[in-house]
Amino acid sequence: MRPTFTLSALLLLIHLCTFGQLATYGPVAENLQTSMYNTFGVPTSNYWWCAHGIDALNDGYLRTRSTTYKTRMKNLLLGTKSFNGNTYINTFYDDMEWMALAALRAYQSTEDADYYSVASLLWTDINTGYSNGAIDWNKNCSGCKNTCANTPAVILGARMYRYTGNAADLQRAKDIYTFVKANLVDATTGAVWDNINLNTGVTQKAWIFSYNVGTYIGAAWELYKATNDVTYLNDAIRTAEYAYNSRRPNGMFFADETGGGDGGLFKGIFIRYLALLAREGVLTDAVRAKYNAAIQYNAEVLRTQGINTSNNLVSPNWSVAPGSSTDYATQISGVFLEEAAANLDQAFFYKDVTYGGYAWPLPVGAYNTAAMVAKGIKDNDITSYAIPAGYQVTLYKNDNFTGDNLTITGLSTWIGNTWNDSASSLIVHPVGVATFYKDCNYTGAFVSLPAGTYTLSQLQARGIQNDDVSSLKVSSGYQVTMYLNDNFGGRTVVKTGDDACLVDDNFNDSTSSIKITAAAAMIAAANTAKVAVNDPSFVIYPNPVRDVLTLRAGFDFSKEIVRVVDVSGKVVLTTYTSTGKIDVSRLPSGVYTLVLLHGNQQYVRKFVK
């Protein structure tokens with residue numbers, strides 16, 4: 001089967017019912033990227049801005065796999081060296097750390113050894129600035145220990161360790177982190193201070209900048225991945241909670257940071273590392289959901305309020321559009337935010353354990369070996385994964401969705417011995433059936449839920465607050481009943497389709513519990529489909545079944561997708577069968593519905609396992 005047909009079949013079989021972040025924010029990110037390049041091209045100054053410019057272009061490359069981004073990345077790398085005196089070595093250690101981090105990421109995504117050479121060169125020079133437990137801010141200020149020169153060094157050291165295997169790299173990262181935590185972090189709140197001058201003993205606690213908060217989160221998370229020491233994880237979460245609870249007035253992170261220039265980059269750097277924690281972190285579902293919702297809200301405000309639509313330039317105040325110009329740093333920051341939002345509903349696949357090596361995002365779709373390679377994922381090269389809530393992935397041992405298969409959800413630092421480096425094709429598909437939005441017109445914080453029943457406490461655990469739903473999207477074949485009171489009491493409103501605003505129903509901000517029910521026979525609902533449940537040529541046996549279910553029909557279904565749905569409406573198995581046999585041995589005991597779409601007819605059979 002051709003990949004294009006597989007994709008179209010998927011989209012017919014499962015109505016996309018979750019956030020659609022790539023569709024919403026991908027075009028915005030692309031517009032900002034285009035404007036950034038057209039406006040600034042390859043700059044001839046501001047080394048550390050250019051380092052982040054490489055990161056921004058890499059984000060675009062990961063999203064699109066366009067060689068245009070690869071070319072622009074390399075030109076910017078070489079251009080920076082040129083205006084820096086034909087060298088990557090710089091007076092400021094933090095500037096070199098930003099460049100080394102960008103180069104290492106670019107190496108992961110392009111496998112161009114030039115980038116790794118730059119990262120390695122810079123890491124060696126950065127270590128010359130180490131004294132008294134930390135890195136100096138610059139080569140002319142011994143004893144000036146700034147957070148911006150140390151938390152990025154921790155991230156870089158931990159990541160270099162995963163390439164070099166050199167224990168000294170990891171130890172250096174841990175030692176620097178110990179210094180930062182002891183001297184530059186509020187142990188109670190998790191706030192991160194700007195600097196300490198060892199010559200005077202003065203700590204600058206009044207300056208709490210978003211990029212320092214973000215890179216401390218990133219440093220703690222990278223060390224957790226490298227050591228599995230839960231202390232680092234707890235540190236990352238504490239500081240993320242500080243930002244979420246204390247630096248988010250009206251929902252906007254660090255809204256007081258509205259200046260351009262160097263400060264224009266700060267919030268975008270923060271977003272990068274918060275998004276990384278939200279994607280990979282060992283978090284509860286509710287915490288992960290609230291971080292993602294906060295990132296999405298900031299991206300939505302920037303998309304609708306902070307961009308000059310005539311030139312696609314970004315304001316340092318993400319809530320207010322700029323005039324006819326902005327600076328490079330501020331534009332990069334906006335790109336970081338929109339690219340992060342575009343990734344919120346992507347499934348990420350990693351080459352190595354614990355989210356190491358390359359990290360490639362995939363949207364909903366079907367990918368045979370050729371399609372995976374086109375997206376950067378080599379055949380038999382997936383070792384860990386991070387799949388967002390509301391989605392699941394079916395892996396196949398062989399090309400074209402054949403051989404043994406495994407359906408996965410959530411996060412895993414190691415896929416297991418049986419499936420390590422063993423996936424040759426895969427399908428990414430949503431499992432949520434209804435999405436609830438804080439504001440009308442499908443805006444504001446949002447959460448996607450599968451079929452089921454949700455009391456107030458269960459809704460709150462998933463990120464939906466009491467009396468805080470204003471619009472919703474409902475997948476075809478499902479019904480949502482919203483209740484005024486907890487525990488399914490009081491007045492109700494029933495929806496079987498999307499509703500952009502509940503004001504007309506007199507039910508705006510009035511939901512305290514929810515029931516979502518599924519009509520399993522409509523899992524592939526399309527208005528033109530005919531359900532052929534009584535066609536005697538289509539049979540399944542044995543029923544009940546223990547291990548292998550056999551399908552028989554008066555037509556060729558070897559190239560059709562077969563899905564198995566549980567009683568809640570969740571798709572628990574997605575496969576093809578050229579032999580007419582489906583392995584259901586991994587399914588728990590229960591009642592299931594098998595759904596097969598052939599032409600414009602839908603064949604549905606229930607069976608017992």
Side-chain angles (χ1 to χ4, degrees), residues 46-49 51-52 90-101 122-123 125-158 172-223 232 235-236 238-240 242-243 246-247 253-254 256-274 316 329 333:
N46 290 307
Y47 181 104
W48 87 281
W49 295 7
H52 289 286
N90 193 283
T91 300
F92 287 84
Y93 289 109
D94 61 327
D95 288 13
M96 291 191 289
E97 289 160 15
W98 301 123
M99 181 61 75
L101 286 170
L122 291 174
W123 177 233
D125 194 75
I126 289 162
N127 275 282
T128 66
Y130 181 83
S131 64
N132 298 309
I135 303 289
D136 289 331
W137 179 35
N138 65 69
K139 296 178 178 180
N140 299 316
C141 191
S142 178
C144 299
K145 307 300 184 181
N146 290 37
T147 300
C148 67
N150 283 281
T151 44
V154 175
I155 298 170
L156 178 60
R172 178 55 51 86
K174 292 167 65 176
D175 290 345
I176 296 171
Y177 182 89
T178 298
F179 178 95
V180 171
K181 182 177 178 179
N183 294 281
L184 292 167
V185 178
D186 186 315
T188 301
T189 67
V192 182
W193 304 316
D194 186 72
N195 69 82
I196 181 172
N197 188 320
L198 298 185
N199 302 308
T200 63
V202 175
T203 301
Q204 181 54 267
K205 297 183 179 182
W207 293 354
I208 302 175
F209 297 124
S210 57
Y211 75 146
N212 288 332
V213 172
T215 53
Y216 183 73
I217 292 169
W221 176 237
E222 291 296 331
L223 284 179
Y232 296 121
D235 289 348
R238 181 172 61 251
T239 294
Y242 160 77
S246 302
R247 302 307 300 269
F253 283 115
F254 295 90
D256 57 326
E257 294 183 1
T258 58
D262 285 350
L265 248 172
F266 289 0
K267 288 183 294 188
I269 296 170
F270 164 78
I271 289 292
R272 175 176 298 285
Y273 291 102
L274 179 65
S333 194

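Residues: numbered from 1 along the sequence shown. Model, not experiment: these values are computed from the prediction.
Between D186 and K205, none of the side-chain N atoms (NZ, or NE/NH1/NH2) sits under 4.0 Å from a carboxylate O, so this pair counts as no salt bridge. For R238 and D235, the salt-bridge test passes: some basic side-chain N is under 4.0 Å from an acidic carboxylate O.
Listed here is the closest heavy atom pair of S333 and G264: CB-O, 3.0 Å. Minimum heavy-atom separation, A134 to I176: CA-CG1, 4.5 Å. Taking all atoms of both residues into account, the shortest heavy-atom contact from P316 to G259 is CB-O, 3.4 Å. Among all heavy-atom pairs drawn from V185 and V192, the shortest one is CG2-CG2, 4.3 Å. Looking at every heavy atom in both residues, I271 comes nearest to F253 through CD1-CD1, 4.1 Å. The two atoms that bring L223 and A158 nearest to each other are CD2-CB, 4.2 Å, heavy atoms only.
For the atom pair N132 CG and L198 CG, the distance stands at 6.0 Å (nearest 0.5 Å). Of the inter-residue distances, the one linking D194 atom CG with K145 atom NZ reads 14.5 Å to the nearest 0.5 angstrom. A distance of 9.0 Å separates NE2 of H52 from OH of Y211, quoted to the nearest 0.5 Å. Note that the OH atom of Y242 and the OG1 atom of T188 stand 12.5 Å from one another [nearest 0.5 Å]. Atom CZ of residue R272 and atom CG of residue L265 lie 10.5 Å apart, to the nearest 0.5 angstrom. One distance of note links CG of D256 with NZ of K267; it measures 8.5 Å at 0.5 Å rounding.
Put simply, the side chain of E257 gets close to the backbone of S210: a donor and an acceptor are under 3.5 Å apart. At least one donor-acceptor pair closer than 3.5 Å links the side chain of N197 to the backbone N or O of N199. A donor-acceptor contact shorter than 3.5 Å is absent between the side chain of T239 and the backbone of V213. No donor-acceptor pair under 3.5 Å is formed between the side chain of N46 and the backbone N or O of W49. D136 contributes a side-chain N or O that, together with a main-chain N or O of G143, makes up a donor-acceptor pair within less than 3.5 Å.
The side chain to side chain contact (heavy atoms under 4.5 Å, CB included) test with C148 singles out one residue from N212, D95, N195, and that residue is N212.
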Step-by-step side chain to side chain contact (heavy atoms under 4.5 Å, CB included) determination, R172 to N127
CA-CA 9 Å; R172 178 55 51 86; N127 275 282; 2.7 Å; yes
Checking side chain to side chain contact (heavy atoms under 4.5 Å, CB included) for the pair M96/Y47: CA distance, chi angles, key distance, verdict?
CA-CA 8 Å; M96 291 191 289; Y47 181 104; 4.1 Å; yes
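Taking the six-membered ring wherever Trp is involved, the centroid distance between the rings of F266 and F254 does not fall below 6.0 Å.
Under the side chain to side chain contact (heavy atoms under 4.5 Å, CB included) criterion, T128 pairs with Y93, D125, sequence neighbours left out. For W98, there are no side-chain hydrogen bond (donor to acceptor under 3.5 Å, both in side chains) partners, not counting sequence neighbours.
Checked by atom type, the side-chain pair Y216/Y177 shows a donor-acceptor distance below 3.5 Å. Side-chain atoms of W48 and N90 include no donor-acceptor pair closer than 3.5 Å.
The shortest distance between side-chain heavy atoms of M99 and L122 falls below 4.5 Å. For the pair I135/E97, a side-chain contact is recorded, criterion being any heavy-atom separation below 4.5 Å from C-beta on. The shortest side-chain heavy-atom distance between T203 and L184 falls under the 4.5 Å cut-off. Contact check for Y273 versus T151: no side-chain heavy atoms found under the 4.5 Å cut-off. Looking at heavy atoms from C-beta onward, N146 lies out of side-chain contact with D94 at the 4.5 angstrom threshold. Taking the side chain as every heavy atom from C-beta outward, W193 and I208 approach each other to under 4.5 Å.
Among residue pairs with one or both ends in residues 130-152, those qualifying as ring-ring contact (aromatic ring centres under 6.0 Å, His included) are F92-W137; sequence neighbours excluded.
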